[in-house]
Amino acid sequence: MTDLFLGLVLAGCTLAFFSLLYRENIFYRSAEHMYIGIGIGYILFQGFDRVIAYVWTPVTTRGEWIWIVPFILGLLIYTRYIKSVNWMSKWPMALIIGSGTGLAMGGLVATMIVGLIVSTITLDFRNVSNIVFLIITVTGIAYFLLTREQTGTLGYVTKLGRFCLMAAFGGSMASNVNSFCSRLGGVIETLVTYPGYYMTALAFILVLADSMILKKK
Amino acid sequence: MAFERNIGPKIVLSITIILMVTNYYLSPQLFQDIGKYIKEFVVVIAAVMLGLGFINALLRDIPRITKKEPGQWYFSLLTIIFIFVMLFLCAGNKYMPGTFSGMYSFLYQEVYRVLGNAIGAFAAFFVFTATFRAMRLKTLEAGAYTISHILAVLGNAPIGAVIWPGIPIIADWINEVVVSAGLRGFIITSSLGGVILVFRYVIGKSETVLGSA
Amino acid sequence: MFYSGRIGSFGILVLICIIVYIRLRQVVVGKSPTIRRLPALESVEEAVGRAAEMGRPVFFNAGYAAGGLTTIEAPIIGAAMSLLHYTARLTARYGTGITIFLGPINMVPVSMDVIKAAYTIEGVESDYRETMVRWLSDSQFVYTSGFMGACQREKPASHVMMGGFWYESILLGEAGRNAGAFTVGGTPRQGQVHFMVAICDYVLIGDEYYAAAASVSRDPEEIGSIWGADDIKILILGLLIVGSILQVLGIDWITQLLKL
Amino acid sequence: MEQRHIIYLLLAIMIAIPYIQPIGIPVETSKMTRDFYNKLKSLPEGSAVVLMVDVGLGSWVELGPATVAVVQHLLDLPIKLLVSGGSAELPVVWEYTLEQGNIKLGDNKYGEDYVVLGFITGGEPAAAALADNLHLTKEDQYGTPLEEIPMMKDLRTAADVKVVLSIMAGTQEEWYLRQWRAPYGTDVGIIVSAVTTALAMTYYVSGQIFGMVNSLRGGAEYELLISKPGKGVVGTDMLSLSHLLLVGLLIIGNIQLLYEKFSGTRKPEEKTGG
């Protein structure tokens, strides 16, 4: 019994979200607000659980008092609701922004700039494809020169660069279509097999009825 | 007053960035430990901050319930209810394993998962309508965008090889050369833009993210 | 002292900082570069104007950005905040109101401060509402579902998508288009820019995104960093071309230097 | 019934067909999947492999078949498997893999052959922290302290780990290249959503990543490699039909454009991307 009930409820939830493809309605809105509630509740608990695992346990069991410092810094962020001291929330925010941006400054230069330059230079240029590779990379970079007017020879180079970039975008987008269709496939499988197809039939009837009512209005 | 409100945080930002960069480039253990502590401190701060989201959600939904905003208040009530139901179930699942675990696995492992899959699946519908609308051979660039897309799409599915054995070969060439090279130029310049922005934060030009009103 | 294999990139990093610093100083003393026109940046004003005419809201998205400011996407969010500040000042001036939808929690306080500062500078701090920042959840799909529903209910006139988008760019963008929104977008992320090109009426791709953020930021001399960036791009072009030619001739001291 | 509704309906039908009646279009194994398979097979006995689950259940549909096939392969090999990850849904994804994929554990014992560490939030800094200290979470997913787990005794940092695998849908492969491969030399392999294959391709082409299992199609190939066909193979039929529909739509869209251009009934110019 429960498998039938579970299958129907899950197909119902899926169709409630898919109903947005038709139009915004009460089913979508209630599924959405339930989903947001579950999402917020789950993330909040994970935050609480992390604080226990990273602060409470080390401090109480191993006496590592150092973890009180980030805990207090985290609490400071709540001062933004108190007008007179809301500047305090900027100090921990500076640490958070600094951690991510600092990581980026190190990592980006090494792997995303120097790393890619080296792996482009060391291509085996006896192979024609690699010469085309270099030309596309160079013209692509030339397109992003922003303080020089794109006229004359630079105009031709950037035009070729823009052409290659758009071709690259078209190609890389294809792998996304592949992934999206795979996901939709897995979901539609639950809607066209037992017990989901009962709910799918019900959904289609509702949509037909609703569109007829709207046509009358 | 300007120090605590504006200049102090900017100095902390600059120093944190410099320490994180030294952690990446310098091998002595001191820099590794500093980097390690910053990384682990940030994980704790990020966890403590989550309550802020809770307040943001309550500030948005509670007034809608109290003022009985037509057509919206009972949905906001639904969100609030499920926030607390989920908090309670997660706590039960962690600290009192067994109690309500059926409800927890139903709500989180089934309903939450299925709703996530449904939103993920929307992307297929939307990418079809977006490309149908945008991929028109109006300009040279739009032509490149469309043709390489069609060839790569056919190459990605087994049907491509069935239609013409040449398609997967062209599609692989597009992926390995055109896409990799085009994106390489794109990645190098956009990463450079990111690094330069972070350098501006190091020299104190972080008015937008840390500046006072 | 240094990790092996990273001295080369540290050298490049220092070089980048020096060139940008010189250009910033030059702008402070009055010399300023001519920046190529960025139609997508100019269309943000058109988008807010359209919202004022139609009396419908302006929606802003900065993307899921892999968890926000604690990740390597932090620079993308920093730039998104500059563009949010620019858009918020326009909505304050036109009186249309703005709503930013957020995933990562660490972006909530920064977004609130940025919008509040914009409204204060425009002299209409009373119009600022805390609910202009809508945090839906750290989960990527919960944040997306909330935005998709809001789009259909509130029918935004304009949708400004500037930031670090991941899987959700197509969902947010198309949901806005289906609600009839004029969509302006921008991202430096190579994984999602192809969707923005398909969805948006105007789009900033790659480094154009950072250039737009620099040209609208609160410190006017940041324009110099675009100038510096161009110099470094020319240096990189040189490295690529000369390096490849030397490599073919068997001389690889450039790669040895970079791989130091 | 707007144009977009017709497209939605057509897509739903084309995707539903193989699930109702499979067609069986042939699937070739790509080089990157075979490289991934051969690398794992060639690992010496007792070497440690870390599997990082960096996606939630939302990606299960696309990455489930590949995850099940790779985990089954890892458990059949004489290696030590550590499961961790950046996604808060790690525990659920792991149970789902065992349950949905009906994985055969064989003579693998928990704590000696495989262990499930807790998840670590915080993106790249967290991945870096785990590389510096495999005992970062201090206790495994079920609460037992890591010190008491036998296999964790001689596993301290990423230097003791031969291969790190990431089930990912973003750019997490760069975390592991920067924080595991660069400093510790751990080889990186990925089970990747097709969304990010193009990006990861640059690292695979340049040799920094040894192999890639590319979403559902890769899952179908890996299922055939370990000769255990499952959901992946059915999925590739669905890919063929849906992709055929997309190409058909794009061609129709452009024929419509050419017809309008020559018959002079052109609609007002729609602004395309700037």
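Hydrogens, waters and symmetry mates are skipped; everything else that's a heavy atom, side chains included, is used. Proteins come first, then strands; the chains are lettered A, B, ... in the order of their sequence lines, and each starts at number 1.
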Should the pair [X]-[Y] be classified as a salt bridge under the 4.0 Å nitrogen-to-oxygen rule?
| X | Y | result |
| --- | --- | --- |
| C:E154 | C:R134 | yes |
| C:R153 | A:E32 | yes |
| C:R36 | A:E149 | no |

Pick from [options] with the largest number of heavy-atom pairs that fall under 4.5 Å of chain A:
| options | answer |
| --- | --- |
| C:G149, C:G78, C:P75 | C:G149 |
| C:L136, C:L240, C:D138 | C:L240 |
| C:S145, C:A229, C:G191, C:G206 | C:S145 |
| C:Q190, C:Q152, C:Q192 | C:Q152 |
| C:I254, C:N178, C:I234, C:D252 | C:I234 |
| C:V142, C:I77, C:I72, C:V193 | C:V142 |

Donor-acceptor pair, [X] side chain versus [Y] backbone, under 3.5 Å?
| X | Y | answer |
| --- | --- | --- |
| A:R80 | A:W87 | no |
| A:T200 | A:G196 | yes |
| A:T158 | A:L154 | yes |

For [X], which atoms come within 4.5 Å of any heavy atom of chain C: side chain, backbone, both, or neither?
| X | value |
| --- | --- |
| A:Y28 | side chain |
| A:T137 | side chain |
| A:R126 | neither |
| A:M173 | both |
| A:F17 | side chain |
| A:F144 | both |
| A:I36 | both |
| A:L145 | both |
| A:Y78 | neither |
| A:L95 | neither |
| A:L146 | both |

[X] versus chain A, heavy atoms under 4.5 Å apart: side chain, backbone, both or neither?
| X | result |
| --- | --- |
| C:L237 | side chain |
| C:E130 | side chain |
| C:T70 | both |
| C:A198 | side chain |
| C:I105 | neither |

If we ignore angles and hydrogens, is there a donor and acceptor under 3.5 Å between the side chains of [X] and [Y]?
| X | Y | value |
| --- | --- | --- |
| A:T79 | A:N86 | no |
| C:E208 | A:Y143 | yes |
| A:W67 | A:E64 | yes |

Leading residue by heavy atom contact count with chain C [cutoff under 4.5 Å; candidates A:R148, A:H33, A:M166]: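 Counting heavy-atom pairs under 4.5 Å, the top option is A:R148.
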Interface residue of largest heavy-atom contact number with chain C, from A:I77, A:L44, A:I97, under 4.5 Å: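 Answer, by heavy-atom pair count under 4.5 Å with chain C: A:I97.
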Separation between CG of C:L69 and OG of A:S99, rounded to the nearest 0.5 Å: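 The distance works out to 8.0 Å.
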Pairwise side-chain contact, C:S111 with C:L102, heavy-atom cut-off 4.5 Å (strictly under):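 Contact flag for C:S111/C:L102 side chains = yes.
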Option passing side-chain hydrogen bond (donor to acceptor under 3.5 Å, both in side chains) with A:T147 (candidates C:D231, C:D230, C:T34):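 The side-chain hydrogen bond (donor to acceptor under 3.5 Å, both in side chains) with A:T147 is passed solely by C:D230 among C:D231, C:D230, C:T34.
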Within 45° cone and under 6.0 Å: C:R6 NZ/CZ vs C:Y3 ring: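 Yes - C:R6 lies over the ring of C:Y3, closer than 6.0 Å to its centre and within 45° of its axis.
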